[in-house]
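Shown next, in structure tokens, is the structure this report addresses.
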Amino acid sequence: MRKLQNQNPFFTLPSTCLSRQFKPSYCHTKAHFIQNLQDCRNFKSLISTHSNILKFGFLNDTFTTNHLINRYVKLQKINSAHQLFDEMSEPNVVSWTSLMAGFIDAGRPKMALWLFGKMHESTVMPNSFTFATLVNACSILADLKTGKRVHAQVEIFGFQSNLVVCSSLIDMYGKCNDVNEAHRVFDLMGFRNVVSWTSMIAAYAQNAQGHVALQLFREFNCLMLDRPNHFMLASVINACASLGRLVSGKVSHAAVIRRGHDSNDVVASALVDMYAKCGCINYSDKVFWKIPNPSVIPYTSMIVGAAKYGLGKLSLEIFEEMLERRVKPNDITFVGVLHACSHSGLVDEGLEHLETMYEKHGIVPDAKHRSCVVDMLGRTGRLDEAYSLAKSIQVKPDEGALLWGTLLSASRLHGRVDIATEASKWLIESKQQVAAAYVTMSNTYAFAGKWEKVHSIRSEMKRNGVYKEPGCSWVEIRDSIYVFYAGDVSLCARGSEVVSLLRELERRMKEKGYVGGSMGLVFVDVEEEAKEEIVSLHSERLALGFGLISMPKGMTIRVMKNLRMCRDCHEAFKLISDIVERDFVVRDVNRFHHFKNGTCTCRDFW
DNA sequence: ATAGGGTTAG
């Protein structure tokens, strides 16, 4: 019987048919059962087909059982799939790989790796599908060590030039933050397609190297192999966002519209985020309201975007709307909500959200949420509460860096040398952001007029070989990018005007009830790198009667311009762009060459 | 049976 099956895999007669002397009909063929399996849309019909397959003896057939396993996986019944696999007499490479992919789908990538270990003990050889699946598991786990071991196996088994395996390797190295290794794989590929290019671009975009991502995108377009698709454009827009490159972002947006990808939810949320980070919250808003049924991510992008502009009330309104439309918030949404409260002085609302996020929405507050609240309390000067909250939070090193860094800057802002000392002590002892901790501590002492302490910190830094890279900020005006380094203002022809403008802004802020430290105009008479705060045009302290607004690097002046906050900001913008144009031409923006020729305008959108 | 995209506090 078995022999017969092997000879004629599609039209064999199950033993039951023979014994009852059935006439063979299509209803009892393998092809029929496989067709049946593909039609199974629910668990119940699958169970029934499964029992028919069993009844007609096809469970001995690996090909049929593999289909059955895949159907269980598709209907999210991984345990049934696993059980079925265990009962197989001769699982082949497809059975093994299907089950691995199934465990990945079910959110258990470690199980896929464990299965590979088991497969290794069997006589079945892995193929390229198996390796692509395994690499994918490592990518999800961001497990570089295992990823490298799998990569070694890929080489041993000779799949190092397989397109899919290489694309997944690039992705895996990217997710593990090893872009160099990702690029090495990319370089060694004999043939590349849109997917491999996208993996490479995304790896750079996700690892704070947006300029390389954009460079690769230009190369891809020059090669004219293929058109960029929505996957690629989403990554390119992400790169523009991280660089604050509004012009490039708009060009990409135009490409999105031309290629008809503007209804794609993922692309739209990348655009919402990009415009927000480039200082155009009004464009974010336009893109956002065009999304038919926004999922949690575009909602979160919009909440975070509005929060960064000090539009805390708007953030909270969007959050409410999201809840009304039954979109479930996630942990990042709550970071946005708390951030909004923090930057708009909505302290009570923020505390309320932290208290109720679990019982109302099932999201357990973790270190990042509590850090937002520490920031919120710290900003408004409730340093003692912020400090005791900080002490109560269990953190991993990277979370601690953020938490204690937050507390340190709040302490500096409010001149709390005592708490600043504790916070910088934590950072330095944990070897987290050591240079920044030293500089901020030194600035706190400078603010308090304790110059001896300032000098002793400076000598300590020297002794320990700690060097702080000067902070910088940049702005895109028309086609050029201008970079400001901390300390540059004194080198600038109209630096004194900037300084007096900042002093004036500060005076008016205080008039409007701003509490907190100076605008960062403490000209510390120490080394250059200590003048962290001098050009603090990206500082939240330019908020002016709107509560406290943070302006991340790269969105500096445009933010002020588009905020329509007050006349003062417009004046500041005019003055600063004037200075920038005359004295600070750093470099021309790398244009998107392929989009030149006037084909690309955003007119069709606006 | 296998590959690629978007949201995270200072």
Side-chain angles (χ1 to χ4, degrees), chain A residues 66-67 69-70 73 92-102 104 127-136 139 159 162-172 174-175 193-203 205-206 228-238 241 261 264-274 276 295-305 307-308 329-340 342-343 366-376 378-379 399 401-410 412-413 423 433 436 440 540 550 552:
Chain A
N66 286 346
H67 274 277
I69 288 179
N70 279 308
V73 165
N92 65 9
V93 61
V94 179
S95 333
W96 282 98
T97 309
S98 301
L99 193 64
M100 288 176 193
I104 293 175
N127 63 13
S128 64
F129 287 71
T130 319
F131 282 112
T133 307
L134 284 169
V135 174
N136 187 218
S139 172
F159 295 109
N162 180 281
L163 180 67
V164 177
V165 173
C166 286
S167 301
S168 57
L169 280 169
I170 293 169
D171 170 67
M172 182 275 290
K175 299 271 165 30
N193 65 3
V194 199
V195 180
S196 26
W197 279 90
T198 302
S199 306
M200 198 61 248
I201 290 172
Q206 291 159 356
N229 60 17
H230 55 291
F231 286 90
M232 187 177 272
L233 288 167
S235 277
V236 169
I237 293 163
N238 181 20
H261 298 309
N264 181 287
D265 192 71
V266 176
V267 172
S269 40
L271 285 168
V272 167
D273 177 58
M274 182 274 292
S295 69
V296 61
I297 296 180
Y299 264 115
T300 304
S301 300
M302 201 57 218
I303 289 167
V304 172
K308 284 195 201 301
N330 63 21
D331 55 334
I332 303 168
T333 313
F334 275 100
V335 170
V337 167
L338 294 169
H339 184 57
S342 172
H343 286 257
D366 59 26
K368 60 181 182 286
H369 300 111
R370 294 184 210 282
S371 298
C372 285
V373 174
V374 167
D375 177 55
M376 185 174 78
R379 261 169 214 280
E399 294 169 337
L402 195 78
L403 170 64
W404 293 100
T406 302
L407 192 67
L408 177 57
S409 18
R412 194 245 359 242
L413 193 67
Q433 302 179 357
T440 311
E540 69 279 7
S550 115

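Chain naming here is simple, since letters A, B, ... match the order of the sequence lines and numbering starts at 1 in each. Computed from heavy atoms alone, side chains included, the values below leave out hydrogens, waters and symmetry copies.
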What's [X] touching, base or sugar-phosphate or nothing? Going by heavy atoms closer than 4.0 Å.
| X | answer |
| --- | --- |
| A/A401 | base |
| A/T406 | sugar-phosphate |
| A/N127 | base |
| A/S371 | nothing |
| A/N70 | sugar-phosphate |
| A/S139 | nothing |
| A/N330 | base |
| A/S98 | sugar-phosphate |
| A/E399 | nothing |
| A/V272 | nothing |
| A/V267 | base |

Among [options], find the nucleotide with the atom closest to the side chain of [X].
| X | options | answer |
| --- | --- | --- |
| A/S199 | B/dG6, B/dG4, B/dA3 | B/dG4 |
| A/L163 | B/dT7, B/dA3, B/dG10 | B/dA3 |
| A/T97 | B/dA1, B/dG4, B/dT8 | B/dA1 |
| A/I332 | B/dG4, B/dT2, B/dT7 | B/dT7 |
| A/F231 | B/dG10, B/dT2, B/dG5 | B/dG5 |
| A/I297 | B/dT7, B/dG5, B/dA3 | B/dT7 |
| A/H230 | B/dG5, B/dA3, B/dG6 | B/dG5 |
| A/Q206 | B/dG4, B/dG6, B/dA3 | B/dG6 |
| A/S295 | B/dT2, B/dG6, B/dT7 | B/dG6 |
| A/N238 | B/dG6, B/dT8, B/dG10 | B/dG6 |

TODO: Kindly say whether A/N66 contributes a backbone atom to a donor-acceptor pair with the side chain of A/N70 at under 3.5 angstrom?
DONE: yes

TODO: Please work out which of the three classes, parallel, tilted or perpendicular, describes the rings of A/H230 and A/H261, given edges at 30° and 60°.
DONE: tilted

Task: Sequence-distant partners of A/A202, side chain to side chain contact (heavy atoms under 4.5 Å, CB included), two or more places apart - done: A/Q206, A/S235

Task: Distance-minimising heavy-atom pair for A/N330 and A/I332 - done: OD1-N, 3.0 Å

Task: N/O (side chain, A/H261) to phosphate O (OP1/OP2, B/dG5) under 4.0 Å - done: no

- [ ] Taking the side chain as every heavy atom from C-beta outward, state whether A/L407 and A/L403 have any pair of such atoms under 4.5 Å apart.
- [x] no

- [ ] Sequence neighbours left out, what passes salt bridge (charged side-chain N to carboxylate O under 4.0 Å, His left out) with A/D366? Give chain and number order.
- [x] A/K368

